[in-house]
Each structure stands twice: as C-alpha cells, then as structure tokens.
Amino acid sequence: MVKSTISRRQFLKSRNSTKRPELDRLNPNWPSKRVAKLYRTFLESKPPIYHPPHVYKSAPSLPVTSSTQTLRDADWNIEASAHLLNQTVFGPTYPEILASANDSIENSVAALFTPLDSPEPPGDWVNEPAPQWDALTDEEVMALFEQYFEWMWEMANWWLIRMTRNELNIRETMTLFWHNYFATAQSKVEYPQAMYQQNTVFREYGLGNFKELLRRVTFGPAMIIWLDIHRSNKDAPNENFARELLELFTMGVDNYSQDDIIEASRAFTGYVTNGVETNYIFETQSGFGWWWWEGHDFQEKTFMGQTGEWDGDDIINIIMDQHETAVHICSRIYKWFVYDTISESVVNEMAELLRTNDYNITIALQFLFTTEHFYDENFRGSNIQNPLGLIQGLVRKLGMEEHTYPETYFLHSQEFLGMTPLEPPDVSGWPGYRSWINSITLPARKLQAQSLVTGNSPWGSFDFTVDVRALAQSMYDENEEGYASVQIVRKLGITFFGIPLSEHLEGVMLDILLDGAEPYDWSINAPPNDAQWNRLRDLILYIMKLPEFQLS
Amino acid sequence: MKRRDFIRTTMALTAFGARIPLMAIGKNGIQSSRRASWETDRIAVLIKLNGGNDGLNTIIPTQDSNYYNLRPNLALTESQTLYVNEETSLHPSMAPIHPLVQEGQMGIIHGVGYENGNLSHFRSSDIWVTGSSADTHLQTGWIGRLLELEYPDFPGNTPNHPLAIQYNSANLLEFKTSESNAGMMVFDPEIMYNIIAGNYVPGEDDPAPDTYGGEELDYIREIDILSYEYAGTISETASQGTNTVEYPNSNIGYQMALTAQMISGGLNTPLYRLYQGGYDTHANQLNDHSNLLGEVSQSIASFLQDLSNQGLSERVLVITTSEFGRRVYENGSAGTDHGTSAPCMIFGPNVTPEIFGQHLDLTDLDNNNNPWIQYDYRQIYSSVITDWFGLQQEISDTVFGSTFDPIPYVLEPLSVKQPPVPTKFKLNPAFPNPFNPTTMLSYTLPRPSNVTIRLFDSRGSEIQTHRLGRQNPGRNTFRIDGRNLASGSYFAQIESGGTALSQKITLLK
C-alpha cells in the first residue's frame, strides 16, 4: 500500500525539519552489514544452482518459406494444429489438438488469447510488508530468512502448478517467456513478495502494450533491487539497469553509445524500494518522497540525441520510439516460438506490426502464428523443449495435473535439468536451445519424464500413475476406419512428437503395443485390469526414451 | 531433514550407496579404446577445496612472528606442525601425506589467485572454472574450451571414454563448450549404467528428416549415444578395476577411490574434477579445518599408494585448488573470513619437489587487507596443458586468451610434438567473443599459402586489411585490435588460396 505524493508544502516542511517523513523507511541501503553477513551465512547452506552454458550456432540454411500469408485452409490440418499448440501452451492433449484442427486457424489462434481471471495468490504472505531489519535481533533475522525461503519455495511450486493448469491459453507460456526476457533471480531480490509481484506483472501485462509491461517491470520492487536501481542516485548513478535496459530489454547491442548509457543511468536515479513497496506512482509517472527529491538527478540529459530533464519514464518513451526496439523484441519472440536462427524478413514484418499497433504483443503473436512461415515443414520438431515446458507440459498431457506431488519433486529436478524457476543464471536469461541437452541433463530428463509413469524419481516418489486407458480412450474415434491399436499409435505420435512419425518408428511402436498379439486383439474397451494396458504403459515409457520426445 | 538438504542427501543415497569392491572381479587390463588426438595417457586429478581453503594454516610460515600475532587463537605452534623446511611446515592433520614430502612427491605453489580477487564464492568459483579475469564474464569453461580445441567435432568424433569427469552435480561450468558440455557427471557406475542404458534407444535405422527438426534430432541422438557409450565404458572399467588400499569413509574418499578404480580398470579419461566441501570456516575453524585436511590428505595418500601398488602412479598428477584463500587475521568467532591468494598443492611421483614463491608477507596487504597474489591461477592450468599433457603453447594461449607463464612443477614435462598437419583450412571460434579491446583468431592451414585477413563492419564495408603473406601449415593466430573501433558487430574474414572463411565477432566497449 503506497502513500500518495505529499504536497510541495509538506515536502518543504519536512526538508527543513530534522524529523524525516515516514517514507524514509524506504531505505535503499538495506541490508545493513550485519544483516548482509547473516544472509551470506544463510545462502551458503543452500545447494548451488546449475548454470547451463551459452550457445553460439552458425546459421544453417534450409529452404524455408518466408511467406507471411495466412496459412491456407487446406494446410490447416491436425499436424499444424499440434505444432501450434505444442509451441504455445504447456501440454496440449490430443482431444484439444483435434478440436483446434477442426476449427479455423484464426479461431484456434484467437482462442489462445482468451482473457482469463487472475489466479489466487499462493498465500496471504504476498502482502506481507517489509520488516524494520535493524529493529530485529540476529535470531529474528535468521528466522525471517527461513520464512522467506519457505514463501519463495511456495511461490515457485505455485507457479509450476499454474503452468499445468493453463486452460489451453498462452498466458502461462508468456509469463515464463517474460521471466526469461526480464530475467530476475530471487537469490538477489530476496523478497518473495517482490518476486510474486513481478510474476503477476508478467501475467497481467504480458499480452498487452509492451511499453506498459516495460514500465511495470522496471518500477517494480524486484527489478529495482535486481539491477541496482535503488543504489543509483544523482551523486553516483548506477549503470547496471540502463545498460541492460538498452542491451537486453529494448534495443539490442549495436544500437546505442556508451554516452547514452551514462545519460540514461542519470535518469534512473532516486527510485527506491524496501523490497515490497516502491517510491513510484504509476498514475503520475513520478517518484515521491524523501529519497526521490534527494536522490533523483533533475538536471538536463542528452539521450539518443534528445535533450531534456529526463526521468526514467522519459527514457523509456524515447527508447520506444526507436526503430530497433521493435525488431529486438520480435527477435526474442521468434527465437522462443520458432527457431534459434531468425528469419530477418519475418521479424521485420512483425516489428512493423508492433510499431503500428501500439506495441501490442498479442497482435504480433497472432500474426506470427497464422503465417505460412510458422508452419513450414522445416520447423516441425525443431524446438528443443525447455525443461519446464517438457515436464510441466507432460503432466498436463498425461492428464495428471490434479494430483498432489511431493514438494521437492519438480523443483529439485529442475536444479538438475537446468531451469529452476525464479533463478535464471543471469540477467540475459537462459541461453536455451542445445544447452538444455548434454550427457547429464538428457538422462535426467528421461528419468523425470518416466517417473510420471513409474512413480519413482531421485527427486520424489508417489503411488499414482498415468491412467493409460483414459488416455487411449480420449484419443479414440470409433468412426475412423482401421484397427484401434494402429489409430492409437498414430495419435500418440501426433501428441508427443513434432517430427512426423516415420514408418519405421510407427512399426516399432505398434510392436511394443501389441507385444506379439494381432492388431485386432487390441481393444479400446478392454477392462482396466487387462494386461494390454501394461503394454500401453510400456509404449509410453518407450516414447519417453526416444530423442524425438525431447523435441516439439 | 530440511528440504534444501534433500538433493545432497539424495545424491548421497544414489551415488554412494554402493560398496567399494576391494577385490577385483576379473581384471584383464582392458583399456578403453583411445582414438584420441590426445597423445598421452597422463591424467590430471583436480580437487576443489570448496569454500575457500585457509592456506595460511595449511602451509605454515613457522618463522613469521606476524602469523602468531595475527592469529592468537588459530595459529598452530611449530611443535604441533609437520616439518617441511626451516621456515615451512604443514598442518598436523596432513600427516598422511607428510611421507610424500620426504619422497619428493609434493610441490607447493604459494600465493595463487588473480588480480582484483572477488570475495564471493559463486563469482570467484566461476572465474576459476571459466579461466577468466575478475572483470570478464565467460560462459564456457577452460576445460570445455580445451576439449573443444582438441575435439572440434564434439560430440562427434570422440573417443568412447568421457573427456572429463566430475562427481558433483552442481556447476559443471568448467567443462562447458560453446555449444554443449564435454564433461560427464559420474555417480555409482552400476546404477548409472542401468539408468542410462535402460533409457537408450538406438536410432540408426531411421535417418533424421532433412529439416531443422532433423538437425536437432541428430544433435540429441549424438548426445544420447555419447551418454550411453560413456556409461558403458565407465561401468566396464570400474568393474574391471580395483582398489588395493582402504580409503577413508567420506565423500572425498569415495571420489578418489572410484577414480583410482576406474583408472585401474583402464579408463583413459584425462581430466577429473573432485570436490570436498566445508572450507568456508568463518567460525570454529580449528576443528573443522583440521577434519577436512585430514580427510583429504588421507584420501590423496591412499590414492597415490593405490595407484603405485598397481604401477599406475606415474600417470597421475593431483592438484588442490580453491576459489580463494582466507584473511591473514582471525575474526571474532575463532575463524577467518574470505581472502584472496592461497597455495596450491601438487602431488605425484612426477612432481618437482619444490616450493614455488614465498610465504605471504603478512604486513604487506592490499586495499582490502588481503594478501597479494604471486601466481595467477591460470599459470597452474596452463602448465597442466603444456607441461603435463604436452600440448602446444598456442592451445593454452587460445584457451586463456593470452600467455600465462608456466610454473615448472612438472618434473618431466612432455616435449611438444608437432601436431599432424591438418588436411583442412579451418577457422576456429575467435576468443574472446564478445571482446574488448582485442580478440584472437586462430586458424589452421593445410599447406603453406598466402593469407589475408579482412575486417568488415556490420554494413559490409571493409575497414581493415591485413596481408600476412606466406604462412606455414598448421595452426596460426592473429590478433584483431578493436581499440579504434566503435562497439558493434564485425565480420572477420580470412582468405587463403581462393577460399574465404568468416566469422562474426562483437566488440563491446
């Protein structure tokens, strides 16, 4: 709960009096040395985090269409529908893929963007105010750190559940996308309230106007701490945020000068937070209170050739007017949804669309998802799934999202797989692409996937399993000709593989399913305890062993 | 058991639940096939003393009165310690390796670190494993870059043993290559093999489609095959190997026992990284530090004895490293806080039995009240590459971005052989990239030819031309200077005999 701007007279009064206004508790110099030392000790008792490497890949060149015409109706088939849903939501099921294929591409794409209600927060603690650190004893401080650790843990687990209950909507995917884009790590932010607030910003503003999203992220407590905005004041402006704002969040590395960074960092001064509240008001686009008047640099600055008494919002406005900003945003979107090597013409078209539509992210995405380029055969199965997409998606695909899992099961496995939520390796996010797969993570991915069937992983065990009979029956269409077993194999291929099922693999899968029996022996209506369902379970385990399974 | 302890305990259960076999199951000395370009069977075992080892209480300056003055509670009296020479002795818990001093199998290097030492565990560890300076953030490991230079087609075209092994699941940054990871995490070989082999499905009958999806499928298949081969090799050599001595019943003891077992069984992996945690002794140092040094000393002594019994000890070199040292003065909790430089210890029959450098001058401290460094840690690693493994100086220069003077702690350095003449004209990844202000291009020529190097800006204008004239076949390097250029992307092109290869490099000022 943030106090409103005090009037000029009140401010002058407080400037002259020895007693500082109550807003002084927004102390940007926390933590005190004592608290910092305690925190260091606390951190050292936690296991270190796995950091995947960056990847530099040379561009291969395959003949991909650069046509951005809307995909023709004749090409909008079940494979195209699967391709769309597998890139845009966590774990679409076969019935959902089929329903989308039977509708038009425009409707299917639009449905992904249906407005949703906000989810319930993980706990009341999201509104817990920041404490007066220096009024606490050492024991109380340590107890509070434990409490924060618990809440952060709850936050991460809550988010993972949100991913599995995404209502076939792109919103959770975009929340993760923006988390990677504005990568902020809880280990430096420390306040679970701030990380939660940032997460809700991604969810609520992530599909609208990019500038508004940028503002909401910039002036939130998490980012202010993460990129040292609160340490930036007129006597010592801190360049960290300005640099990453230009290099990573908007224009990209070639498009500004070192002087621009210096001037921008002068504008981003005087904004502080106590970890939960800030001294910024969105409606008036200004800071307030003692720290603002004391810390902000009100002098003239020259940024991108324009001179004025710029503050943070002014810098953002100027950046958003630059041509390259839209290109950079669209490149990042393209790399996430299409392929690591971008098509410049498609990205430029998306960028133009962004510029002429008030930077509306939904419009750019909907455009991308209807182009022939997006559905080019070359891109089918070219996405090495990120670990959260793979595992959380799998939970939903197997219809297992309503179960309660051991609380270490997802989070501890992610430390192995390389994508601990709320803990990106650095501000440039997860490098992704091939860095997800190496001789340690690949066996771990298979193991974690299979544990949904076996109930057993190094990171937790449980006694429920996937209901393979229900899964098969959800795919089965009695009006289709041919054997049920053949049908199920084909549809499993569509659900789990991005690369079209080869004849060889189809044959192998059928062999496993039938295990020597004839195709007509296999019945969709066999009772639940029939041995044939064990074969289906074996087949699903087999699918999870295949390299193809890692791709979407 | 708290949640955050879970992963370590779990790893302990799965990794270290198997018993160490003391009798060979059936040793017939089969070696894993060595198709490597690596021409030696020497092995380097690097042990990280995790947390910041207090070097001053490890290698003790017995004649320095400041040592006793600055550490009234922590200093070890001369009579307690183990004699090395008139002014040096070892912590008493290092008794198991004290005989090695007398046998000339130990070397000591004082004051190892890097300029502007960072006092954060995570950042300093990252610096050490990436082989960078304090102000640079690299995303590949020094071992990763080394292996990438030696095996440029990784994961293709590699021997069937892992190129590097570590036992700890965290921070594999040391083995990261530009695209992947050349290291392998090993836990119980049999469990590992069962998990990995049980999950392996060969896909040779089914060629990948000619699409981007197919390309990614090929990559994943290669990693899959690699993991499978590695797991098989490890399991096989471990089962054929043996330990001839007892090892201490601790985490580090197990790691060394398993390493010895695999070497004994014929595994030819050249690089191992072991971890021993707990050195961050801010409080209660006397007890904790003593236990830790005792554990690691016993493990190293057992390791060398074990391999010596089996006639294998000439092949190994053991080096202890730590992300930093500790302060010269004690704190109020009978401990010490983070410092900068610390000694590295080198063990093995092929080690120069000398002390390199001086004891720290405890009165001459930097602005942070920490001791100055005497040797850059990259000198140690560089000597591993050139003296121990016998690779060319240029390889070390490319890995670390410049030349770091070797320290002659290897008794018999391998002579540098001329590498076989490459058959291809090849341009290696520039290092560093992004860069400021210079970067090094390295390329190989199949035959003597005229070489021209050009630099283009991002618009395609040619802004630098360097005609280098006739160059020799083999590996050559050229440094691009960006001091007079603006930040941005450039293309470096090398042209020889009518063929041009180019690469994008980024100058970030």
Side-chain angles (χ1 to χ4, degrees), chain A residues 41 44-57 60 62 64 149 153 253-254 257-258 339 341 376-384 407-408 412 415-416 426 431 434-435 437-443 446-447 450 458-459 498-500 502 504-505 542 544-548 550-551, chain B residues 3-4 6-8 10-11 14 51 121-122 137 139-141 144 162 169-173 176-181 183-185 195-196 199-201 203 205-206 208-217 219-221 223-224 226-227 230 280 282 429 433-434 458 486-489 506 508-509:
Chain A
T41 322
E44 269 142 33
S45 61
K46 285 161 66 183
I49 307 283
Y50 171 71
H51 287 191
H54 278 291
V55 170
Y56 306 96
K57 187 178 189 288
L62 290 174
V64 177
F149 182 82
W153 180 271
V253 78
D254 294 341
S257 68
Q258 175 65 16
Y339 196 50
T341 313
D376 192 301
E377 294 298 323
N378 277 299
F379 292 130
R380 304 297 171 96
S382 66
N383 177 33
I384 299 181
E407 54 181 8
T408 53
H412 275 172
E415 289 190 9
F416 242 89
D426 60 44
R434 291 183 179 184
S435 70
I437 307 281
N438 58 51
S439 50
I440 294 121
T441 56
L442 185 55
K446 294 186 190 183
L447 208 57
Q450 296 189 329
W459 305 288
I499 294 180
S502 70
H504 169 86
L505 186 54
Y542 178 82
M544 295 172 176
K545 298 180 192 184
L546 291 168
E548 286 85 337
Q550 308 295 331
L551 298 162
Chain B
R3 255 198 306 276
R4 60 174 175 272
F6 180 89
I7 194 167
R8 279 184 294 190
T10 312
M11 279 313 300
T14 51
H121 289 294
F122 304 114
H137 284 69
Q139 300 297 336
T140 52
S169 65
N171 201 349
L172 297 155
L173 190 47
K176 294 242 164 68
T177 62
S178 61
E179 248 196 17
S180 180
N181 191 310
M184 177 73 164
M185 189 201 69
I195 292 176
I196 292 179
N199 276 318
Y200 174 67
V201 172
D205 293 349
D206 207 1
D210 200 10
T211 62
Y212 287 134
E215 279 195 31
E216 301 311 321
L217 182 61
Y219 171 75
I220 298 181
R221 280 177 173 172
I223 299 286
D224 213 14
L226 214 61
S227 319
Y230 286 170
D280 193 24
H282 286 285
N433 188 14
S458 53
S487 285
S489 300
T506 307
L508 266 185
K509 291 205 160 145

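Proteins get letters first, then strands, A, B, ... in listed order; numbering begins at 1 in each. Keep in mind it's a predicted model, so treat the numbers as computed, not measured.
One distance of note links CG of L442(A) with CG of N181(B); it measures 12.5 Å at 0.5 Å rounding.
Of all the heavy atoms in T211(B) and E377(A), the pair that sits closest is CG2-O, 3.9 Å. Between G213(B) and I499(A), the shortest heavy-atom distance links the atoms O-CD1, 3.5 Å. When all heavy atoms are compared, the tightest approach of Q550(A) to I220(B) is CB-CD1, 3.7 Å. Nearest heavy-atom pair across K545(A) and D224(B) is O-OD2, 4.3 Å. The two residues G183(B) and I440(A) have their closest heavy-atom pair at O-CD1, 3.8 Å. Closest approach of L62(A) to E215(B), counting heavy atoms only: CD1-OE2, 4.2 Å.
The 12-atom threshold is exceeded at NE2 of H504(A), counting heavy atoms of other residues, nucleotides or ligands nearer than 6.0 Å.
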> What do the steps show when you test T341(A) against Y212(B) for side chain to side chain contact (heavy atoms under 4.5 Å, CB included), and what is the final call?
Replying inline: CA-CA 10 Å; T341(A) 313; Y212(B) 287 134; 5.9 Å; no
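In this structure L505(A) satisfies the side-chain contact (heavy atoms from CB on, under 4.5 Å) test together with F497(A), L501(A), S502(A), M509(A), Y542(A), L546(A), E548(A), D206(B), sequence neighbours excluded. Evaluation of the side-chain contact (heavy atoms from CB on, under 4.5 Å) rule for S227(B) yields S439(A), P443(A), I196(B), I223(B) as partners, not counting sequence neighbours.
A donor-acceptor pair shorter than 3.5 Å can be found between the side chains of Y339(A) and E216(B).
Only the side chain of I384(A) comes within contact range of chain B, with at least one heavy atom under 4.5 Å from a heavy atom of that chain.
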